[in-house]
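Values reported hereafter were calculated over all heavy atoms of this structure, with side chains retained and with hydrogens, waters and symmetry mates removed. Convention: sequence-line order gives letters A, B, ...; per-chain numbering from 1.
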There are 2 protein chains.
Amino acid sequence: MNLSPEHKALLDNALIDSGLRSTRQREQVYGVIMSKQDHPTADEIYARAKASMPTISLATVYNCLETLVDCGLVRQVNFDREPSRYCPNLKEHAHFYCKETGEVFDIDLSGQAIHELRRQLPEGFEMESFELSYHGKTHSN
Amino acid sequence: MNLSPEHKALLDNALIDSGLRSTRQREQVYGVIMSKQDHPTADEIYARAKASMPTISLATVYNCLETLVDCGLVRQVNFDREPSRYCPNLKEHAHFYCKETGEVFDIDLSGQAIHELRRQLPEGFEMESFELSYHGKTHSN
DNA sequence: TTGATATTTTGGAATGATTCTAAATATTAC
DNA sequence: GTAATATTTAGAATCATTCCAAAATATCAA
Ligand SMILES: [Mn+2]
Ligand SMILES: [Mn+2]
Ligand SMILES: [Zn+2]
Ligand SMILES: [Zn+2]
């Protein structure tokens with residue numbers, strides 16, 4: 001019950017580029033992730049997706065998530081060994097995990113910070129991606 | 001079959017400080033981790049430990065690892081959802097994961113880089129730790 | 001359209017790292 | 001020593017995720 005025309009087009013193009021088909025389930029899962037700016041687990045995405053598509057299966061949610069991640073439309077985010085979370089924010093950014101509430105926050109990174117991160121790699125290390133996560137508590141105020 | 005007197009003292013003090021007992025198995029697991037500068041999984045640590053202590057169990061390895069991590073003597077390192085790895089390097093550092101070989105490398109971080117990382121956090125986020133991991137390939141030469 | 005073909009979805013079984021359990025051992029305190 | 005406490009151990013349980021094979025669906029050519 002969502003997915004803007006822009007996102008629909010993004011999805012279809014990405015799928016076509018990968019030689020994959022556009023399906024109701026893929027739209028639904030992508031829509032669920034895009035419609036809320038948070039970091040849900042597969043289970044949470046399954047629950048939200050079922051609300052307007054009661055027949056979708058958990059296996060399909062996992063399949064769609066893998067597809068979306070592989071197409072670069074969604075980011076997979078892991079904290080320690082907890083269940084994976086999925087992030088709609090494609091900008092290069094970090095995550096803050098609050099150990100009190102379990103909430104996850106996006107943290108923007110300055111160009112300078114990203115540059116500095118790259119600079120740490122010695123000769124011979126070809127970085128393709130990095131993951132930066134902060135753990136701590138948030139002052140609720 | 002290892003563990004320098006310095007490490008033995010470190011271990012005993014840390015255990016005492018936590019109200020825990022010094023045992024052969026804890027020494028063995030700590031010795032295994034300290035005796036090689038790499039990032040073994042629990043299974044690998046189990047295999048190495050068994051070489052000189054054939055009766056040690058995998059459950060005990062897991063128990064010892066948790067104890068050592070909680071005492072701050074060893075770092076637990078995770079890449080995506082792969083089995084946890086354990087790191088003897090207590091300095092604040094990052095990890096480079098080579099997607100070709102699966103090897104893990106320690107990456108030193110400059111004070112400037114660490115400062116820059118801290119600087120990214122907005123008001124209200126109290127960082128207790130951070131994890132930075134790079135993914136890519138290494139030029140073998 | 002129609003049917004052939006390739007892809008996707010689905011429910012349920014399998015996987016595998018880790019954790020749990022409860023009995024056997026080891027360590028510490030008295 | 002003996003009792004009290006902590007630790008180890010083997011095996012069972014957990015649980016997120018992956019695998020499987022059958023049913024449903026999408027695509028394409030005629
Ligand atoms: Mn994947
Ligand atoms: Mn732990
Ligand atoms: Zn995010
Ligand atoms: Zn390390």
Side-chain angles (χ1 to χ4, degrees), chain A residues 8 11-32 39-50 52-71 73-74 76-86 102 104, chain B residues 8 11-32 39-47 49-50 52-71 73-86 102 104:
Chain A
K8 166 73 170 137
L11 173 61
D12 286 354
N13 288 331
L15 289 173
I16 288 168
D17 286 356
S18 302
L20 299 171
R21 295 175 181 175
S22 191
T23 65
R24 254 171 341 116
Q25 288 85 349
R26 283 171 178 161
E27 271 188 41
Q28 175 72 0
V29 169
Y30 186 52
V32 161
H39 298 83
T41 62
D43 270 341
E44 288 163 348
I45 292 166
Y46 178 45
R48 293 183 201 172
K50 265 202 298 198
S52 49
M53 181 183 280
T55 59
I56 195 171
S57 76
L58 179 57
T60 296
V61 168
Y62 273 105
N63 289 339
C64 293
L65 288 172
E66 181 173 16
T67 298
L68 295 173
V69 169
D70 290 349
C71 289
L73 293 166
V74 163
Q76 185 169 16
V77 179
N78 295 296
F79 296 100
D80 304 325
R81 306 214 89 248
E82 293 191 357
S84 289
R85 292 162 176 272
Y86 297 86
V104 175
Chain B
K8 166 71 169 139
L11 173 62
D12 286 354
N13 288 333
L15 290 172
I16 288 167
D17 287 354
S18 302
L20 299 170
R21 293 174 182 176
S22 191
T23 66
R24 255 172 339 118
Q25 289 86 347
R26 284 172 177 161
E27 269 188 43
Q28 175 73 358
V29 169
Y30 186 53
V32 160
H39 297 83
T41 62
D43 270 340
E44 289 164 348
I45 292 166
Y46 177 45
K50 265 202 301 197
S52 51
M53 182 184 280
T55 58
I56 196 171
S57 76
L58 180 56
T60 296
V61 169
Y62 273 105
N63 289 339
C64 293
L65 288 171
E66 181 174 15
T67 297
L68 295 173
V69 169
D70 290 350
C71 289
L73 293 167
V74 163
R75 269 185 67 181
Q76 187 170 13
V77 179
N78 295 294
F79 296 100
D80 303 325
R81 306 215 88 247
E82 293 192 356
S84 289
R85 294 163 176 271
Y86 296 86
V104 175

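Take A:Tyr46 and apply the side chain to side chain contact (heavy atoms under 4.5 Å, CB included) test, not counting sequence neighbours, and it matches A:Lys50, A:Ile56, A:Leu58, A:Val61. Checked against side-chain hydrogen bond (donor to acceptor under 3.5 Å, both in side chains), B:Arg85 has no partners two or more places apart in sequence or in another chain. Taking B:Phe79 as the reference, B:Tyr97 meet the ring pair (Phe, Tyr, Trp, His ring centres under 6.0 Å) condition, with sequence neighbours excluded. Residues passing the salt bridge (charged side-chain N to carboxylate O under 4.0 Å, His left out) test with B:Asp80: none are found, sequence neighbours excluded. Checked against side-chain hydrogen bond (donor to acceptor under 3.5 Å, both in side chains), B:Ser84 has the following partners two or more places apart in sequence or in another chain: B:Gln76, B:Asn78. In this view, B:Ser57 and B:Thr60 satisfy the side-chain hydrogen bond (donor to acceptor under 3.5 Å, both in side chains) rule, not counting sequence neighbours.
Applying the salt bridge (Lys or Arg N to Asp or Glu O under 4.0 Å) definition to pairs two or more places apart or across chains, those involving residues 21-31 of chain A are A:Lys8-A:Glu27.
In this structure, B:Leu15 places its CG atom 15 Å from C1' of D:dT8, rounding to the nearest Å. Taking atom OH on B:Tyr46 and atom C1' on C:dG16, their separation rounds to 16 Å, with Å as the unit. What separates CZ of B:Arg26 from C1' of D:dT7 is a distance of 6 Å, to the nearest Å. In this structure, CD of A:Glu66 is placed 8 Å from P of D:dC19, rounded to the nearest angstrom. In this structure, CG of A:Asp80 is placed 18 Å from P of D:dC15, rounded to the nearest angstrom. The interatomic distance linking A:Gln28 (CD) with C:dT10 (P) rounds to 11 Å, in whole Å. Here the P atom of nucleotide C:dA17 and the CG atom of A:Asn78 are 16 Å apart, to the nearest Å. The distance between atom CD1 of B:Ile56 and atom P of C:dA26, rounded to the nearest whole Å, is 14 Å.
Between A:Thr41 and A:Glu44, some side-chain heavy-atom pair lies under the 4.5 Å cut-off. A:Thr67 has its side chain within reach of A:Leu15: a pair of non-hydrogen atoms, C-beta onward, lies under 4.5 Å apart. By the 4.5 Å heavy-atom criterion applied to side chains, A:Val77 and A:Tyr86 are not counted as neighbours.
For A:Pro83, taking side-chain heavy atoms from C-beta onward, the closest of the listed nucleotides C:dT10, C:dT8, D:dT17 is D:dT17. Candidate nucleotides C:dT8, C:dT18, D:dT17 were compared by shortest atom distance to the side chain of A:Leu58, and D:dT17 ranks first.
The stretch residues 16-24 of chain B touches DNA chain D through B:Leu20, B:Arg21, B:Thr23, each having a heavy atom under 4.0 angstrom from the strand.
Within the structure, a side-chain polar atom (N or O) of B:Gln25 is placed less than 4.0 Å from OP1 or OP2 of D:dT9. Contact annotation: B:Tyr62 reaches the phosphate of C:dT18 (side-chain N/O to OP1 or OP2, under 4.0 Å).
The bend of the helix from C:dT1-D:dA30 to C:dC30-D:dG1, defined by the angle between the axes of its first five and last five pairs, stands at 30° to the nearest 10°.
At a threshold of 4.0 angstrom between heavy atoms, the contacts of B:Thr41 with the nucleic acid are absent. Within 4.0 Å of B:Thr55, counting heavy atoms only, lie sugar-phosphate atoms of the nucleic acid but no base atom.
Residue order along DNA chain C, read from the 5' end via each residue's closest nucleotide, puts A:Thr60 first among B:Ala59 and A:Thr60.
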